[in-house]
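Each remark here refers to the structure printed beneath this line.
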Number of protein chains: 2
Amino acid sequence: MPINDFNSHPLSWYPNKERLNRPLYKSLLHELKAAIEDGSLLPGTMLPPQRELADYLDVNFTTITRVYKLSAQLGLTYGITGKGTYVSPSGIDPLTINTSPQHLIDLGFIASYEQTNYLLDKTLRKVASLGASQLLTYASPTGRDIDKAAFRQYLTWLGHPLLPEQNVLVTAGGENSLSLLLNVIFSPGDLIAVDEFTYSNFIATAKLNGVRLIAIKNDEQGMIPAELERICKLNNINGLYIIPEYNNPTGRILDSHRRQEIAQIAKHHQLKIIEDDYLSFLSKANPARPPKIFQLLPQQTFYVCSMSKVITSGLRVAYLAYPKSMGRQVENGFFNTTVKTSTLNTAIATNAIQSGVAKKIIQEKINYAQKMNSIFNHVFPFAPTNELTNNVFFRRLPLKNSRKSGKDIEKELLSRHLRCFHSQRFSVAATTNESFLRVSLSATNSRDELLAGLKKLREYLGEKKLI
Amino acid sequence: MPINDFNSHPLSWYPNKERLNRPLYKSLLHELKAAIEDGSLLPGTMLPPQRELADYLDVNFTTITRVYKLSAQLGLTYGITGKGTYVSPSGIDPLTINTSPQHLIDLGFIASYEQTNYLLDKTLRKVASLGASQLLTYASPTGRDIDKAAFRQYLTWLGHPLLPEQNVLVTAGGENSLSLLLNVIFSPGDLIAVDEFTYSNFIATAKLNGVRLIAIKNDEQGMIPAELERICKLNNINGLYIIPEYNNPTGRILDSHRRQEIAQIAKHHQLKIIEDDYLSFLSKANPARPPKIFQLLPQQTFYVCSMSKVITSGLRVAYLAYPKSMGRQVENGFFNTTVKTSTLNTAIATNAIQSGVAKKIIQEKINYAQKMNSIFNHVFPFAPTNELTNNVFFRRLPLKNSRKSGKDIEKELLSRHLRCFHSQRFSVAATTNESFLRVSLSATNSRDELLAGLKKLREYLGEKKLI
DNA sequence: TTATTTGTAGGTTGACATTTG
DNA sequence: GCAAATGTCAACCTACAAATA
């Protein structure tokens, strides 16, 4: 029988005792899910401590442990030892950021200045005329030698050549690579360390694969190595997902020293590193020339290099470089999930790289980005910047602390026909002392549209006293 | 302390007591994995009963339960209540069937008569000349309306039109679709019913996703509905993977009555059905015109229709039809794992369907298949057949019971420069009273090569008294 | 600093279902 | 048809680790 007086310590959640049936944990999980879904338990709410809820329901407290654990696996809640269990910031909302279907000014999606696509016309015609139909077979599932050579050529041009002990696989895009790695080199239940703000589609894909993420604190220079070390000592961490250059959504860039420290820690704790270099071509703009992580720790790094921002998003081609020792696992996994990337698309990428078309595209994309950044700087002169932010595809706009949730802010913006994403959408941790908007500079159709969108955004933020 | 005399009841596995450390279950799992990997525990071996092993190790028997459960999740073993725990037939060997890299006659891989690819030359040039570069954007991630219409047109031509309550998604191939579904509509630990012999890449992908498969007994007409019903009553089954036409590897075709029974059972037990129709165009050859499962149970069926065998394997395009109610889940999942299928490839498929090129390709592929089947019938006149096997891409060759394992037979064939797969590779159950080879008729480069390969195969089988 | 609160993990208990002889 | 063997599952117990006041 319960002993305490529950009126004196009200619980944040009173599951309906009468609706409970056996097995208890399933029934309770169902109730919890329903409460979060119907909004009676809001994101951020602290759930009752396991022992108190158990006492109230007259069950053993580890039965509640089980319920909380399963709901954490579903991404509904998260627990911190010593502190409590909380409803997740994202709750049950899908995190996925997709192209916008509605009629609105899009400051949300990060596209890639597809106005440059016309530069591919010749390449397309060339590939089509050279008997491309003969390429359309099951042959060379990891890519042809010529395709892998083109990728090595591209990286050498960037100043970061691949090493002989790294294999290359041509994948069907960056997301396809990330999804493959989460599926193949990690198992459900594994723990991967990530930045406290990280690519939301990675969070979503990790969830799909039952892989748990753990946030590593950042400062202005990005992931703090000491924090990574601390978390590794405390937990059995299996991997590290990191975007060393232009982290999405913070835009931060790791300097050479941090990369070395992080590689050292990863080596010591045997973390499998996913290095996501979606804006690889901007490396050339960084005068410090920090090494890529794959150069520091090739035997543990899976380097994902998408061509979406280098050539064109619509081709769906990326390259994955991985340790030779992982060959069979990665290649079989790729065959199971995708079979191969169409050689038609791969051949276009290869051709664009080898002919120099890719370089032209890159230059033109950088021009666009620079123009869009100067518009942004004009509207938000106080926004954080560094010497490398003049050509990136999105910017960060810090918000003053407010009680408004990220979801509410996004909703209010939508009602003004603006789409823009709040930092909460990119967060795996609860303890976010930072709060900002990620403003995409690459999804609007024109400079005028961008300017109009940014002005509307500034108006809104001013009205609500968020800046 | 152990009480029994262990010499009288030898265990099939004696884990090294000294190497054990805490946590026990992890340590034991590691030992078990190692024993299976190094071959000291062979596929089919019955592991010690949980209570006996626990007694020997002086631990609680549910600690062993935990070890066996985890190893089952890894696909290393499987347990049957009342019977025992056994090492899986496939063990740790990769099941993946890939294109063959070596110089050998390939009777293993199922390709698609890519000699017909020349028929696509015009289509390719047409798409490339019509400003295809403008297609290369992030737009229309599920496919353009015109692409979905082309798929509906194709199915209508087959005589199995889609229903309005079914959404369509253009995916990057059949495997991409299956992998997506296993990732998105199922969760790790879920149970899916499959034929006792089923597509080996599906088995491998299920393993990658932590989804468990349970075998349903077959007779010559395919899956036995009563068996499905029995298994559903005994277990909490979440889904059903089925290839109603030309099951891979048995070649069996479900008749109309069975399809209805199966749909009925699936409805009653709320199974999510994956209907894999990789040889969809052969439907037209079946005079009985049985309905597709998606027509019988559209609200629960995910219909996977690959274009690899219809147009060309190298295009990497398939269509997925799914219940509208699952829209958000499927579409977001697709965006997370693949983003989109390149509109370049999709446009080629659309064009091939709308222009009639696809029909020409189909006719030519059927011609090839018929020729290859007649060669097979000539070499193996006693092989099982039915009125619909004259145009399929592979055949089944039953073997006499022998003590040789499937793996050994495959190895011996390889040493004779022949690649061919044994039924064990396609089996999820242990209790395989059937034993056969799946002989591909679609991977050799010429009729002469096929004939030579089949003769060598017959020679080998005769020598070893396997037929 | 230390005690308290809170979550996590490993292992145990007991009930139960299926298979087999 | 029943008893023994065997695997599975839910719930409980105990020890411990982190956060906080």
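Residue numbers start from 1 in every chain, and the chains themselves are labelled A, B, ... in the order their sequence lines are given, proteins ahead of strands.
- Rounded to an integer number of Å, the gap from B/Y86 OH to D/dA5 P is 15 Å.
- For C/dG7, the OP1/OP2 oxygens have a side-chain nitrogen or oxygen of A/T85 closer than 4.0 Å.
- To the nearest angstrom, C1' of C/dA17 lies 13 Å from CD of B/Q50.
- A search for side-chain hydrogen bond (donor to acceptor under 3.5 Å, both in side chains) contacts involving A/T62 returns A/N60, not counting sequence neighbours.
- Screening residues 263-274 of chain B for side-chain hydrogen bond (donor to acceptor under 3.5 Å, both in side chains), with sequence neighbours left out, gives B/E229-B/H269.
- For C/dG10, neither phosphate oxygen OP1 nor OP2 lies less than 4.0 angstrom from any side-chain nitrogen or oxygen of B/T63.
- The distance from atom CG of A/L29 to atom P of D/dC9 is 17 Å, rounded to the nearest whole Å.
- Under the ring pair (Phe, Tyr, Trp, His ring centres under 6.0 Å) criterion, no residue pair touches residues 205-237 of chain B, with sequence neighbours excluded.
- C/dG10 atom P lies 15 Å from atom CG of B/N60, rounded to whole Å.
- Distance A/L53 CG to C/dT8 P: 14 Å, rounded to the nearest Å.
- With rounding to whole Å, A/K69 atom NZ is found 15 Å from D/dA11 atom P.
- Comparing B/M46 and B/T62 along DNA chain D, the residue whose closest nucleotide (by nearest heavy atom) sits nearer the 5' end is B/M46.
- In this structure, a donor-acceptor pair under 3.5 Å is present between the side chains of A/S71 and A/T77.
- Checked against side-chain hydrogen bond (donor to acceptor under 3.5 Å, both in side chains), B/T250 has the following partners two or more places apart in sequence or in another chain: B/N247.
- Judged as a side-chain hydrogen bond (donor to acceptor under 3.5 Å, both in side chains), and not counting sequence neighbours, the contacts of B/R230 are B/E227.
- Taking atom CG on B/L57 and atom P on C/dT12, their separation rounds to 12 Å, with Å as the unit.
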Atom pairs under 3.5 Å, N or O on each side, protein against nucleotides 15-21 of chain D: can you list them with distances?
unit_1, atom_1, unit_2, atom_2, d
D/dA19, O4', A/T81, O, 3.3

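- Rounded to an integer number of Å, the gap from A/I64 CD1 to C/dT8 P is 13 Å.
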